[in-house]
Amino acid sequence: MFTCMTSSPEETGHLAELVGQKIREGTVLCLEGDLGAGKTLFVQSLARTLGVEGDVTSPTFNLMNVYEGICRIYHFDLYRLETEEELEDIGFYEYTEEPEGIVVIEWPDKFPESLPEDYIEVRIRKLGENTDERQIDFSSIGEKNQEFIKELEDFVHTGH
Ligand code: ADP
Ligand code: MG
């Protein structure tokens, strides 16, 4: 696990850009954090870095968006989902079990039992009510991304 602090949307955007430069196809990224933490902003910057040109908006109502960049990006938002059955209906497991491209999931904590074995967890915490300060923790869940998370930590902290 490693932690980054940001104090503006631009800084969080920059961090997501660094992640976008390193991330590999087949990776699932789970973004935890309260409303307004910066999950969607993070995905927007990540998607831009991966060459997505169109709108990147929170799929709160349509549940999943697909963007075309240098690879395909599947963007889920589980906030409005009530049952595990709905998750099945939107094809969640097909996208997350053997992921192609990159899968990003907002509100993964709504369905902890349904998450894949391997993923990168990004937890964004707002450090107060009226503040732009955020604490962002990156961890690797499962074996697959252990090495990657170390590489990412070096890259984020040293730039290489
Ligand atoms: P979420 O998807 O987590 O509900 P959004 O990304 O939609 O949140 O919104 C985050 C809001 O917080 C944006 O309006 C953004 O400008 C603002 N913000 C302020 N400071 C930061 C920061 N350090 N990192 C990310 N977002 C920030
Ligand atoms: Mg959002």
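Both ligands and their constituent atoms are indexed starting at 1 by order of listing. These figures come from a predicted structure and were not determined experimentally.
- The hydrophobic cluster containing V56 does not contain L41, counting ILVMFWY residues as joined when their side-chain heavy atoms lie under 4.5 angstrom apart, directly or transitively.
- For atom 25 (C) of ligand 1, the nearest protein heavy atom (residue, atom name, distance) is T12 OG1, 3.5 Å.
- Looking at D137 and T3, their side chains do bring a donor and an acceptor atom within 3.5 Å of each other.
- Looking only at heavy atoms of the protein, atom 5 (P) of ligand 1 is closest to G38 CA, 4.0 Å.
- Just one residue in the list T60, T57, T40, N65 forms a side chain to side chain donor-acceptor pair (under 3.5 Å) with D77, and that residue is T60.
- Grouping Ile, Leu, Val, Met, Phe, Trp and Tyr by side-chain contacts under 4.5 Å, direct or through others, puts Y95 with V28, L35, L63, M64, V66, Y74, F76, L78, Y79, L81, L87, I90, F92, Y93, V103, I105, W107, F111, L115, Y119, I141.
- Partner F2 forms a side chain to side chain contact (heavy atoms under 4.5 Å, CB included) with one of I136, L152, D154 and no other, that one being L152.
- Per-residue contacts place T6 under 4.0 angstrom from the following atoms of ligand 1 (heavy atoms of the residue considered): 23 (N).
- Those atoms of ligand 1 with a heavy atom of K39 less than 4.0 angstrom away are 1 (P), 2 (O), 3 (O), 4 (O), 6 (O), 8 (O).
- Atom CD of E117 has 12 or fewer neighbouring heavy atoms from other residues, nucleotides or ligands inside a 6.0 Å radius.
- The protein non-hydrogen atom at the shortest distance from atom 13 (C) of ligand 1 is L41 CD1, 4.5 Å.
- Using a 4.0 Å cut-off between heavy atoms, S58 makes no contact with ligand 1 at all.
- Other residues, nucleotides and ligands contribute over 12 non-hydrogen atoms within 6.0 Å of the CZ atom of R48.
- Atoms of ligand 1 found under 4.0 Å from any heavy atom of S8, numbered from 1 in the order shown, are 21 (C), 22 (C), 23 (N), 24 (N).
- Remark: side-chain polar atoms of K39 are paired, donor with acceptor, to backbone N or O of D34 under 3.5 angstrom.
- The shortest heavy-atom distance from E106 to ligand 1 is under 4.0 Å.
- Listed by number with element, the atoms of ligand 1 under 4.0 Å from a non-hydrogen atom of D34 are 3 (O).
- Distance CE/M5 to CZ/R125: 9.5 Å, rounded to 0.5 Å.
- The protein heavy-atom contact nearest to atom 18 (N) of ligand 1 is R134 NH2, 3.3 Å.
- Nearest protein neighbour of atom 23 (N) of ligand 1, counting heavy atoms only, is D132 O, 2.6 Å.
- Around the Mg ion (ligand 2), the protein contributes the following N, O or S atoms at distances under 2.8 Å: T40 OG1, E106 OE1.
- Rounding to the nearest 0.5 Å gives a distance of 5.0 Å between CD1 of I70 and CG of L50.
- Annotation: side chain of C4 is in contact with side chain of H157 (closest heavy-atom distance under 4.5 Å).
- Protein heavy atom closest to atom 10 (C) of ligand 1, with residue, atom name and distance, is G36 O, 3.4 Å.
- The shortest contact between atom 16 (O) of ligand 1 and any protein heavy atom is with P9 CG, 3.4 Å.
- Distance check: Q135 CD to R123 CZ gives 10.0 Å after rounding to the nearest 0.5 Å.
- The shortest contact between atom 7 (O) of ligand 1 and any protein heavy atom is with T40 CB, 3.7 Å.
- Atoms CD and OG, from E17 and S45 in turn, are 5.5 Å apart once rounded to the nearest 0.5 Å.
- Neither the backbone nor the side chain of L31 comes within 4.0 Å of ligand 1, counting heavy atoms alone.
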